Amino acid sequence: MLIRRPPDIPASEITGESLYQNRRAWLSTAGVTLAGLALPARARAWGGDDKLTPYDVVTTYNNYDEFGTGKDEPAKHAGGLKTKPWMVTVEGDVKKKGSIYLDDLLKGIPLVDRTYRMRCVEAWSMVIPWNGIMLGDLIRKLEPGTKAKYVEFTTLLDPKQMPGQESGVLGWPYVEALRIDEAMHPLALLTTGVYGKPLPNQNGAPIRLTVPWKYGFKGGKSIVRIRFLETQPRTTWNIAAPQEYGFLGNVNPNVSHPRWTQKEERRLGEFFKRPTLMFNGYADQVGQLYTGLDLKANF
Ligand code: MTE
């Protein structure tokens, strides 16, 4: 696996970060309120030495196996994916069922602007300024029934547009899921943008799941189906390697992975490794979701 070290990242890549910071400063002086800024400070706070990962790194070092397994392949091959118009099908124990254009699905839901630490099971991490909606806002709008205990997210299945689906590296389509109480947590997002720009295809356009206290594999990309289920669904990586990828996928430095240490991580663009934090540093906010659960058995 390739890890980009500081000398590989040209100074020009830093520009994306400073431009974005300036844009944020401009927005606040102009009196524009982003919905995300109205959230409790904790929800958007991140550690003092966590610098934003440059835009060019966020959008060229990706995992999106539908476009190839190399980190640089999604950026090279995902450009042709047609993301407009985009239909999403809502199924299961939910009132507002059916297929709906993405714009209509999201209509009326406030946009939020959140910077999150993101930790991949492969022991690299980034700090990414996402734009999107709170998943809980969408779930409330869809009105799930009382039997809905899990929410499942399915990626587009279209081998013509997604050549990686011709290969057997994973079972397709890519499926991920959350317990409904996790999905309702205010940190869980469906993202449609990054750095204030529309989400590039390689990052999961037009809409992807973003759950910062879980490993990156939980964040299914280019979602076409949302199902509300009574029983826990099977998920792609859990089927592929159940001993390596649990259903919960919570970042946990105390549960080792057979191939990568989970005790520490390399922040892309940094040389020295840093310790990995419980729930990726969001324990204060999400710890109560798992009270009483054996997190070694339920990884
Ligand atoms: N979603 C789909 N459909 N296919 C994938 O291969 N990879 C996952 C996740 N979502 C993946 C996916 C993994 S392993 C990670 S780490 C994140 O996407 C990476 O997201 P990023 O490329 O935007 O950083």
Side-chain angles (χ1 to χ4, degrees), residues 1-4 52-78 81 83 86 88 114-132 152-159 161-165 167-178 189-195 197-226 235-241 244-246 249-251 257 259-260 262 265-269 276 280:
M1 187 190 63
L2 277 170
I3 298 268
R4 301 223 301 175
L52 294 184
T53 303
Y55 180 83
D56 289 356
V57 177
V58 173
T59 58
T60 58
Y61 191 93
N62 300 103
N63 276 340
Y64 199 167
D65 291 347
E66 285 86 335
F67 296 102
T69 52
K71 300 291 177 245
D72 57 342
E73 286 189 275
K76 286 184 184 151
H77 305 311
L81 175 68
T83 58
W86 191 264
V88 178
R114 301 275 189 82
T115 296
Y116 286 156
R117 287 181 295 271
M118 304 301 295
R119 169 60 155 86
C120 181
V121 79
E122 294 165 320
W124 46 266
S125 63
M126 306 195 204
V127 181
I128 305 182
W130 298 107
N131 323 102
E152 178 201 72
F153 304 86
T154 304
T155 296
L156 177 70
L157 177 64
D158 187 349
Q161 293 199 81
M162 299 177 142
Q165 289 179 339
S167 84
V169 290
L170 284 175
W172 311 109
Y174 194 98
V175 174
E176 256 312 330
L178 300 171
L189 303 183
L190 285 176
T191 47
T192 53
V194 65
Y195 268 95
K197 300 177 191 172
L199 205 57
N201 290 351
Q202 60 269 29
N203 291 93
I207 188 155
R208 61 89 60 87
L209 185 61
T210 302
V211 194
W213 72 94
K214 293 178 179 283
Y215 292 112
F217 73 88
K218 294 296 292 180
K221 296 178 169 180
S222 308
I223 294 163
V224 294
R225 185 174 74 170
I226 301 176
T235 47
T236 297
W237 276 107
N238 185 246
I239 294 169
E244 298 188 14
Y245 303 91
N250 289 323
V251 175
H257 184 283
R259 287 184 283 153
W260 298 280
Q262 303 305 337
E265 65 199 56
R266 191 187 301 280
R267 182 69 47 83
L268 293 191
T276 289
N280 205 23

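Order of listing sets the numbers, starting from 1, for every ligand and every atom in it. These values consider heavy atoms only, across backbone and side chains, with no hydrogens, waters or symmetry-generated copies. Everything numeric in this text was worked out from a predicted model, so none of it was measured.
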Give yes or no for whether the N/O distance cutoff of 3.5 Å, strictly under, is met between Gly219 and ligand 1. yes
Atom 7 (N) of ligand 1: nearest protein contact (heavy atom, Å): Asn63 O, 3.3 Å
Tell me: protein heavy atom nearest atom 1 (N) of ligand 1, and distance? Lys221 N, 3.2 Å
Could you see which bit of Arg208 sits under 4.0 Å from ligand 1, with heavy atoms only: side chain, backbone, both or neither? side chain
May I ask you to check if ligand 1 and Asn203 share an N or O to N or O distance below 3.5 Å? yes
Compute the shortest N/O to N/O distance between Trp124 and ligand 1 and return yes if it is under 3.5 Å, no if not. no
So is Met118 touching ligand 1 or not, going by heavy atoms under 4.0 Å? no
I want to confirm something. Looking only at heavy atoms, which of Gly204, Gly216, Cys120 is nearest to atom 17 (C) of ligand 1? Gly216
What residue and heavy atom of the protein are closest to atom 4 (N) of ligand 1, and at what distance? Glu66 OE1, 2.8 Å
After noting the C-alpha distance and the side-chain angles of Lys71 and Asn62, does the key distance pass the side-chain hydrogen bond (donor to acceptor under 3.5 Å, both in side chains) rule? CA-CA 5 Å; Lys71 300 291 177 245; Asn62 300 103; over 6 Å; no
Hey, is Tyr174 touching ligand 1 through its side chain, its backbone, both or neither, going by heavy atoms under 4.0 Å? side chain
Aromatic rings Tyr245 and Trp237: how do their planes relate, parallel, tilted or perpendicular, breaks at 30° and 60°? tilted
Give the intermediate values and the outcome of side-chain hydrogen bond (donor to acceptor under 3.5 Å, both in side chains) for residues Ser125 and Arg119. CA-CA 4 Å; Ser125 63; Arg119 169 60 155 86; 5.8 Å; no
Check this for me: does any side-chain nitrogen of one of Arg259 and Glu122 sit under 4.0 Å from a carboxylate oxygen of the other? no
Looking only at heavy atoms, which two atoms of Leu268 and Trp124 are closest? And how far apart? CD2-CB, 3.8 Å
For Thr155, the ligand 1 atoms whose distance to one of its heavy atoms is below 4.0 Å: 3 (N)
Atoms of ligand 1 under 4.0 Å from any heavy atom of Phe217, numbered from 1 in the order shown, are 8 (C), 13 (C), 14 (S), 15 (C)
Is the backbone N or O of Asp72 less than 3.5 Å from a side-chain atom of Thr60, with the two atoms forming a donor-acceptor pair by type? no
Do any nitrogen or oxygen atoms of Trp237 lie less than 3.5 angstrom from nitrogen or oxygen atoms of ligand 1? no
When the ring planes of Tyr64 and Phe67 are compared, do they come out parallel, tilted or perpendicular, using 30° and 60° as the limits? perpendicular
Test of proximity, Asp65 against ligand 1: N or O pairs below 3.5 Å: yes
Heavy-atom side-chain proximity of Thr236 to Thr155 below 4.5 angstrom: no
Taking the side chain as every heavy atom from C-beta outward, state whether Lys197 and Tyr55 have any pair of such atoms under 4.5 Å apart. yes
Let's go through Thr192 and Leu199 carefully: what are the C-alpha distance in whole Å and the side-chain angles of both, what is the deciding distance for side chain to side chain contact (heavy atoms under 4.5 Å, CB included) to 0.1 Å, and is it a yes or a no? CA-CA 5 Å; Thr192 53; Leu199 205 57; 5.6 Å; no
Looking at Asn62, which atoms of ligand 1 are within less than 4.0 Å of one of its heavy atoms? 21 (P), 22 (O), 23 (O)
By number and element, which atoms of ligand 1 are closer than 4.0 Å to a non-hydrogen atom of Tyr64? 2 (C), 3 (N), 4 (N), 5 (C), 6 (O)
